[in-house]
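What follows is a single structure, written as structure tokens, with notes after it.
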Amino acid sequence: MSALLIGSFFAAGHVSEINAANPAPRNPHLADSTNPIGHTTSAQQDSVPQAGPIGPTRTLDDFELQYRHFGPFQFGTSISGVYPDGKRVFWSNGANGVFKAEHDSFNIIDRFPVEGKEFSRPEIESALEELRSREGLSAMYFAFKQADMFKELSGVYTLLDNNHDYYIGDNGGRGITVYGDADPSDSNSKIVKKRQWTMPDSVSGLMIGMNMTFDGWIVFATEHGYIVSVKKDFSEERVVRLNYAVEEDAENAATGPTGKGWVRNGQAVDESGIYVASQNHMHKVIWQNEQLSVDEKDGAWSVQYSNTAGQGTGSTPSLMGFGDEDQFVVITDGDKKMNLLLYWRNEIPADWKKLPEANDRRVAGIIRVDMGDPELAVQSEQSVVVSGYGAAMVNNTPRMPWYYPERAAMLLNGFLGTREEYQPYGIQKFAWNPEKRQLENAWVNTSLSSPNAMPLVSAGSNILYTTGARNGEWTLEGIDWTTGEPVFHYVLGDERYNTLFAGVLLDEDGHIFFGTSFGKVRLKPRKEEVLNTASN
């Protein structure tokens with residue numbers, strides 16, 4: 001194993017973080033839970049208040065791994081508010097339908113199937129065995145065949161509202177379907193399809209992202225740069241087009257298939273605006289009095305970022321700072337050697353001077369993401385994890401043989417993420433220092449590998465959680481959010497526990513759960529560890 005792989009924790013760049021105290025506000029029109037939407041809140045932070053597990057390091061027993069056969073590509077899961085019967089449920093969707101599951105037991109209540117899309121348990125067990133046993137190019141070929149199922153997804157973008165209605169972007173990327181309960185008062189009721197909405201013909205491009213304004217309108221972008229707001233009952237809609245969409249020929253600016261368009265990531269939302277990145281610019285779109293605006297006089301702005309790799313940013317914007325704190329929107333840029341960027345979210349402080357390395361006065365911070373290696377070219381396809389004034393990302397760039405095409409990267413850190421010859425290593429955190437008013441390197445950990453998961457920060461336990469890989473097995477990794485030092489890890493097992501680009505999440509009781517290649521799993525460690533966590 002190379003020095004980079006062994007490469008223990010580097011504290012040379014460690015700074016003392018001055019924590020922001022205000023959490024992201026809960027959107028009152030989303031489900032009253034800690035995970036009603038992708039990336040946990042409208043601010044897209046991937047941070048939750050409740051405590052999670054604290055270890056110790058060990059291999060979990062089978063009875064501590066609640067694995068459920070949902071079917072392929074269950075990327076996201078929303079947790080409902082409390083029903084009149086006092087219970088909560090999980091809502092999720094994947095290649096073979098929409099699911100409801102009990103929060104307490106994790107058992108499936110109902111599935112609303114996608115016609116003609118059935119994946120039997122024997123089929124899935126056979127696929128898992130093939131992924132375990134194949135090596136080299138044979139493994140690559142089999143992974144490529146499995147990836148074909150990506151195109152069968154019923155919808156990646158979802159949210160759950162305060163009426164237990166579950167919104168899914170579907171209809172070939174041109175609409176929204178809403179699912180809900182046959183009996184809204186009963187958490188165990190069957191799933192019913194409630195209503196559908198289709199984009200007007202005047203709006204081009206496939207749907208990208210889904211969020212909700214703080215007055216209850218659904219909002220999303222299209223690949224061609226349209227921002228659309230729709231009332232929850234679909235009775236009204238508003239449309240505006242992002243600045244530079246016409247000048248940059250957004251309709252023909254895609255750098256690849258779906259997901260590589262002029263807009264390729266979701267949006268963050270706060271009380272005053274919608275934050276979305278296009279291929280070369282970071283934008284704030286104003287939402288006020290049920291109207292959209294991209295006009296600077298209304299408070300909107302657009303700032304160009306560097307894009308030497310030509311693909312645009314791979315990250316969904318995240319919001320940092322609330323209330324009386326310094327307030328930013330956070331993304332990574334599109335450079336071959338990627339940078340983290342902080343933009344002043346609202347009015348720029350009157351005494352703020354443009355940074356020498358920045359192209360615009362709105363840039364509050366810019367810093368290289370290199371995982372401790374100045375020669376390393378890192379690119380991210382994930383949102384930046386934000387908690388307080390801290391911002392972190394993992395290295396998802398696999399070590400590829402020279403003869404593999406670039407498009408093979410998704411397979412190497414996806415289906416084949418436990419293979420040591422491909423594993424990427426490195427997690428890096430940065431922090432805004434409000435006294436110095438500058439963005440600083442907080443820590444780098446090069447000993448840990450997180451091949452494909454979207455990490456999560458628990459403010460309650462001050463731990464960043466992600467799935468990792470050790471000795472050919474999947475793990476849950478717990479990293480101290482302040483120092484970057486490993487706290488503990490759970491050994492989970494083989495390919496059954498591959499997150500495959502899903503997010504690591506905490507349920508309302510502080511148990512880790514996440515989607516896998518062919519199902520979902522919740523970790524319920526021995527009772528004393530849960531009690532220790534609750535008291536931490």
Taking the side chain as everything from C-beta on, heavy atoms only, tell me whether [X] gets closer than 4.5 Å to [Y].
| X | Y | answer |
| --- | --- | --- |
| Ile109 | Glu102 | yes |
| Lys524 | Phe63 | no |
| His511 | Gln66 | no |
| Ile208 | Arg264 | no |
| Trp443 | Ile427 | yes |
| Gln267 | Phe220 | yes |
| Asn462 | Asp480 | yes |
| Asp370 | Lys337 | no |

Would you give the length of the straight line joining atom [atom1] of [X] to atom [atom2] of [Y], rounded to the nearest 0.5 angstrom?
| X | Y | atom1 | atom2 | value |
| --- | --- | --- | --- | --- |
| Asp46 | Ser383 | CG | OG | 5.0 Å |
| Ile331 | Gln44 | CD1 | CD | 14.0 Å |
| Ile37 | Tyr167 | CD1 | OH | 12.0 Å |
| Ile479 | Ser450 | CD1 | OG | 7.5 Å |
| Lys520 | Thr516 | NZ | OG1 | 8.0 Å |
| Asp373 | Thr446 | CG | OG1 | 9.5 Å |

Step by step, work out the side-chain contact (heavy atoms from CB on, under 4.5 Å) result for Phe514 and Val521. CA-CA 6 Å; Phe514 51 85; Val521 66; 3.4 Å; yes

Which of these, Thr59, Leu448, Thr57, Thr467, sits in a side chain to side chain contact (heavy atoms under 4.5 Å, CB included) with His489? Thr57

In a check of side chain to side chain contact (heavy atoms under 4.5 Å, CB included) between Thr313 and each of Asp333, Val384, Asn265, which one passes? Asn265

For [X] against [Y], the heavy-atom pair lying closest together:
| X | Y | value |
| --- | --- | --- |
| Pro451 | Pro424 | CA-CG, 4.0 Å |
| Val330 | Leu340 | CG1-CD1, 3.6 Å |
| Asn339 | Val369 | C-CG2, 4.1 Å |
| Ile168 | Val98 | CD1-CG2, 3.5 Å |
| Ser187 | Asp85 | OG-OD2, 2.8 Å |
| Arg26 | Asp32 | NH1-OD1, 2.8 Å |

Tyr83 side chain to His164 main-chain N or O, any donor-acceptor pair under 3.5 Å?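 Answer holds: no.
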
Are any side-chain N or O atoms of Ser78 and backbone N or O atoms of Pro36, one a donor and one an acceptor, separated by less than 3.5 Å?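 Yes, because the side chain of Ser78 sits within donor-acceptor range (under 3.5 Å) of the backbone of Pro36.
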
For the pair Asp181 and Lys100, evaluate side-chain contact (heavy atoms from CB on, under 4.5 Å) and give the outcome as yes or no after the intermediate values. CA-CA 10 Å; Asp181 303 295; Lys100 272 178 66 178; 2.6 Å; yes

Who are the side-chain contact (heavy atoms from CB on, under 4.5 Å) partners of [X], not counting sequence neighbours?
| X | result |
| --- | --- |
| Ala43 | Ala24, Thr41, Gln45, Leu319, Phe322 |
| Asn396 | Gln382, Val394, Asn413 |
| Asn162 | His29, Lys232 |

Would you say the side chains of [X] and [Y] form a donor-acceptor pair under 3.5 Å?
| X | Y | result |
| --- | --- | --- |
| Thr77 | Asn35 | no |
| Asp270 | Tyr275 | yes |
| Tyr179 | Asn93 | no |
| Ser447 | Asn445 | yes |
| Ser449 | Gln423 | yes |

Candidates Phe513, Trp91, Phe90 - the one meeting ring-ring contact (aromatic ring centres under 6.0 Å, His included) with His103: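 Per the ring-ring contact (aromatic ring centres under 6.0 Å, His included) rule, the option paired with His103 is Phe90, out of Phe513, Trp91, Phe90.
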
Can you name the residues that form a salt bridge (Lys or Arg N to Asp or Glu O under 4.0 Å) with [X], not counting sequence neighbours?
| X | value |
| --- | --- |
| Arg68 | none |
| Asp62 | none |
| Asp507 | Arg522 |

Walk me through it: do Asp335 and Arg368 pass the test salt bridge (charged side-chain N to carboxylate O under 4.0 Å, His left out)? CA-CA 10 Å; Asp335 274 359; Arg368 267 289 312 281; over 6 Å; no

Parallel, tilted or perpendicular: rings of Phe99 and Phe70 (30°, 60°): tilted

Decide yes or no on side-chain contact (heavy atoms from CB on, under 4.5 Å) for Leu523 and Leu65, but give the supporting numbers first. CA-CA 5 Å; Leu523 315 184; Leu65 294 165; 3.4 Å; yes

Run Tyr490 and Leu492 through side-chain contact (heavy atoms from CB on, under 4.5 Å) and show every step you take. CA-CA 6 Å; Tyr490 289 145; Leu492 307 180; 4.1 Å; yes

